[in-house]
Amino acid sequence: MVKRQVPKPAEIFELMKFKKFEFNGRKRRLDSALTIEDLRHIAKRRTPAAAFDYTDGAAEGEISMNRSVQAFQDIEFHPSILNDVSTVDTTVQIHGGSSALPFGIAPTGFTRLMQTEGEIAGSSAAGAAGIPFTLSTLGTTSIEDVKAANPHGRNWFQLYVMRKREISYGLVERAQAAGFDSLFFTVDTPVAGARLRDSRNGFSIPPQLSPKVVLNAIPRPWWWWDFLTTPKLEFGSLTETGGTVGELLNNAMDPSIDFDDLATIRSMWKGKFSVKGVQTVEDAKRLADLGVDSIVLSNHGGRQLDRAPVPFELLPDVAREVGKDMEIIVDTGIRNGADIVASMALGADFTLIGRAYLYGLMAGGRQGVDRTIAILKDQVERTMKLLQVGTVAELNPSHVTQLRRFTRAERGQIAQAGRDQP
């Protein structure tokens, strides 16, 4: 029988210590977020639907986006045993320089629409964490202001080749003059994808005050206060070109770009040159033959061609074919540090986060981006320790199995069988 006794008051209070209340609402919210999905839920509560859906959504039926997220969940890790992992080193080398973590921030357009601190929050947080930040051609902060916000960190620039080529050439020159060390030539946007959430929300910049928008904004006054009391939302690096937002967007995507444009831009750029949006092994091999510094396996976050290849699934084949010839970067679908570790194990040299960063931004500005990075850093380190590897370089394909519902070959056989039906 258990011996019972009357508890002493001092013992009760020792066992029932209350957590100190955090009066700073933003810090309290962010501290409660333990995963990127937690940040996403906070972001959804605090951001008007049109802005949130622009970030959260993808093209058509959003199949590519969902498959890309699912692919990371469909893996099995294989840990080693009895290795000393009291400390792990997450540092990697990419584009001739160092990154404290095996991921950087991907280029995102209209970023200040999500939260007014926009690219300033992203670039300064990246600099503080020792990871690269990538500015989009359609960013809402200028090349020069990003450099000022992250003066000692690594800044990269993502380029759309526009119909008016001189605009793109000018951006290349400005990024180079500002000390950006890498250029990402984007090849997956000959036209804009059909982003149906945006169409249904009547998405526009600046937001149109329809009754639906007003009703949705009523419980989110802080977003409108920030939006209305900060500088006008516009393209940070394109304001001097003139024209409306619609005209600038039409100029940003050009179905006529080709390998001659790639050669022209490459000849202008003195730093590291990457091609973003590669989706086949054949194109990866052709770019390797051309001697580009890296490629980004990407389906643009599922925001362009729906049902496009899943970059993470494509990674092992590309790494096997060209991994010795150039660096391989992967984006799309990354929501957890384990996704990053799996990518590095299967042959990636680096990864980029887009939505994960924007969820943090919407949840809490610069502090929210810091929280995104901290969550992913913790997950990367913990996954490496549980796999019992001390450095990123030790990761290899033996650590990961991709548990695909169908292999690429089986998908092809199923498709062929369907075509052979009478």
Please check if the side chain of Asp188 supplies one atom and the backbone of Asn299 the other of a donor-acceptor pair under 3.5 Å.
no
Can you tell me how far the CG atom of Leu352 sits from the CZ atom of Phe103, to the nearest 0.5 Å?
10.5 Å
Asp293 side chain near Met326 side chain, heavy-atom distance below 4.5 Å
no
Could you tell me whether the side chain of Arg355 and the main chain of Ile334 form a donor-acceptor pair under 3.5 Å?
no
Please evaluate residues Leu387 and Thr383 with respect to the criterion side-chain contact (heavy atoms from CB on, under 4.5 Å), reporting the C-alpha separation (whole Å), side-chain torsions for both, the decisive distance (0.1 Å), and the verdict.
CA-CA 6 Å; Leu387 284 172; Thr383 303; 4.1 Å; yes
Are a donor atom and an acceptor atom from the side chains of Thr264 and Asp261 found within less than 3.5 Å of each other?
no
Test of understanding: with side chain to side chain donor-acceptor pair (under 3.5 Å), list the residues that count as partners of Lys147, not counting sequence neighbours.
none
Show me the pairs that pass ring-ring contact (aromatic ring centres under 6.0 Å, His included) and involve residues 112-140, at least two apart or across chains.
none
Under the salt bridge (charged side-chain N to carboxylate O under 4.0 Å, His left out) rule, what pairs show up with a residue in residues 35-59, not counting sequence neighbours?
Glu37-Arg40, Arg40-Asp56, Asp53-Arg197, Asp56-Arg197
Grab the two heavy atoms, one from Arg366 and one from Ala128, that are nearest each other, plus how far apart they are.
NH2-CB, 3.5 Å
Would you mind reporting whether Ile265 and Tyr169 have side-chain heavy atoms less than 4.5 Å apart?
yes
So, taking the atom named CD1 in Ile105 and the one named CD1 in Ile373, what distance separates them when rounded to the nearest 0.5 Å?
4.5 Å
Between the side chains of Arg371 and Asp31, is the shortest nitrogen-to-carboxylate-oxygen separation below 4.0 Å, so that they form an ion pair?
no
Pairs in or reaching into residues 394-403: which pass side chain to side chain donor-acceptor pair (under 3.5 Å), with residues at least two apart or in two chains?
His78-Thr401, Thr391-Glu394, Asn396-Ser398, Gln402-Arg404
With a 3.5 Å distance limit and no angle check, can you tell me whether Gln388 reaches the backbone of Asn83 through a side-chain donor-acceptor pair?
yes
Taking Arg320 first and then Asp317, would you say they form a salt bridge - that is, a charged N and a carboxylate O separated by under 4.0 Å?
yes
Is it the case that atom CH2 in Trp225 sees more than 12 heavy atoms from other parts of the structure closer than 6.0 Å?
no
Distance-only, no hydrogens or angles: does the Thr111 side chain make a donor-acceptor pair with backbone N or O of Gly118 under 3.5 Å?
no
Spell out, as yes or no, whether a donor-acceptor pair under 3.5 Å connects the side chain of Arg195 to the backbone of Glu60.
no
In Å, rounded to the nearest 0.5 Å, how long is the span from CG of Leu196 to CG of Asp306?
9.0 Å
Sub-3.5 Å donor-acceptor pair from the side chain of Gln304 to the main-chain atoms of Val191, do we have one?
yes
For the pair Glu282 and Arg286, find out whether any cationic side-chain nitrogen is under 4.0 Å from an anionic carboxylate oxygen.
no
Decide yes or no on side chain to side chain donor-acceptor pair (under 3.5 Å) for Gln70 and Asp74, but give the supporting numbers first.
CA-CA 6 Å; Gln70 186 66 49; Asp74 292 345; 2.9 Å; yes
State, yes or no, whether a side-chain contact exists between Val275 and Val296 at a heavy-atom distance under 4.5 Å.
no
Would you say the side-chain atoms of Ser99 pair up with the backbone N or O of Ile131, donor to acceptor, closer than 3.5 Å?
no
Rounded distance (nearest 0.5 Å) linking atom CD of Glu76 with atom CG of Leu403:
5.5 Å
Among pairs that include at least one residue of residues 319-369, which meet ring-ring contact (aromatic ring centres under 6.0 Å, His included), considering only residues two or more places apart or in two chains?
Trp156-Phe350
Using side-chain contact (heavy atoms from CB on, under 4.5 Å) as the criterion, list what pairs up with Asp226, not counting sequence neighbours.
Gln115, Thr116
How close do Thr372 and Gly360 get, counting heavy atoms only, and between which atoms?
OG1-CA, 3.4 Å
Looking only at heavy atoms, the pair that brings Ala348 and Leu315 closest together is N-CD1, 3.8 Å
Pairs satisfying ring-ring contact (aromatic ring centres under 6.0 Å, His included), at least one member in residues 300-345, at least two apart
Phe72-Phe312
Can you list every side chain to side chain donor-acceptor pair (under 3.5 Å) pair that touches residues 135-144, not counting sequence neighbours?
Glu119-Thr140, Glu119-Thr141, Ser136-Gln158, Ser142-Asp145, Glu144-Arg174
In this structure, CG of Leu113 is separated from OG1 of Thr108 (nearest 0.5 Å) by 10.5 Å
Ser294 meets the side-chain contact (heavy atoms from CB on, under 4.5 Å) criterion, sequence neighbours left out, with His95, Ser274, Glu327, Ile329
Any ion pair linking Arg382 and Asp378 (charged N to carboxylate O, less than 4.0 Å)?
yes
Among residues two or more places apart or on two chains, list those pairs meeting side chain to side chain donor-acceptor pair (under 3.5 Å) that have a residue in residues 341-351.
none
Could you walk me through whether Lys270 and Glu173 pass the salt bridge (charged side-chain N to carboxylate O under 4.0 Å, His left out) check?
CA-CA 10 Å; Lys270 308 305 179 186; Glu173 292 168 352; over 6 Å; no
For Ala149 and Ile120, work out which heavy atoms get closest and say how close.
CB-CD1, 3.7 Å
Sorted by chain and number, sequence neighbours left out, side-chain contact (heavy atoms from CB on, under 4.5 Å) with Arg307 holds for Ile63, Arg67
Ring centroid separation Phe110 to Phe235 under 6.0 Å
yes
Picking from Leu135, Thr186, Leu183, what satisfies side chain to side chain contact (heavy atoms under 4.5 Å, CB included) with Leu159?
Leu183
Out of Asp181, Asn150, Thr134, which residue meets the side-chain hydrogen bond (donor to acceptor under 3.5 Å, both in side chains) rule with Asn155?
Asn150
Could you state the interatomic distance from CE (Met162) to OG (Ser168), rounded to the nearest 0.5 Å?
5.0 Å
Partners passing side-chain contact (heavy atoms from CB on, under 4.5 Å) against Val69 (at least two apart in sequence or in another chain):
Gln73, Arg335
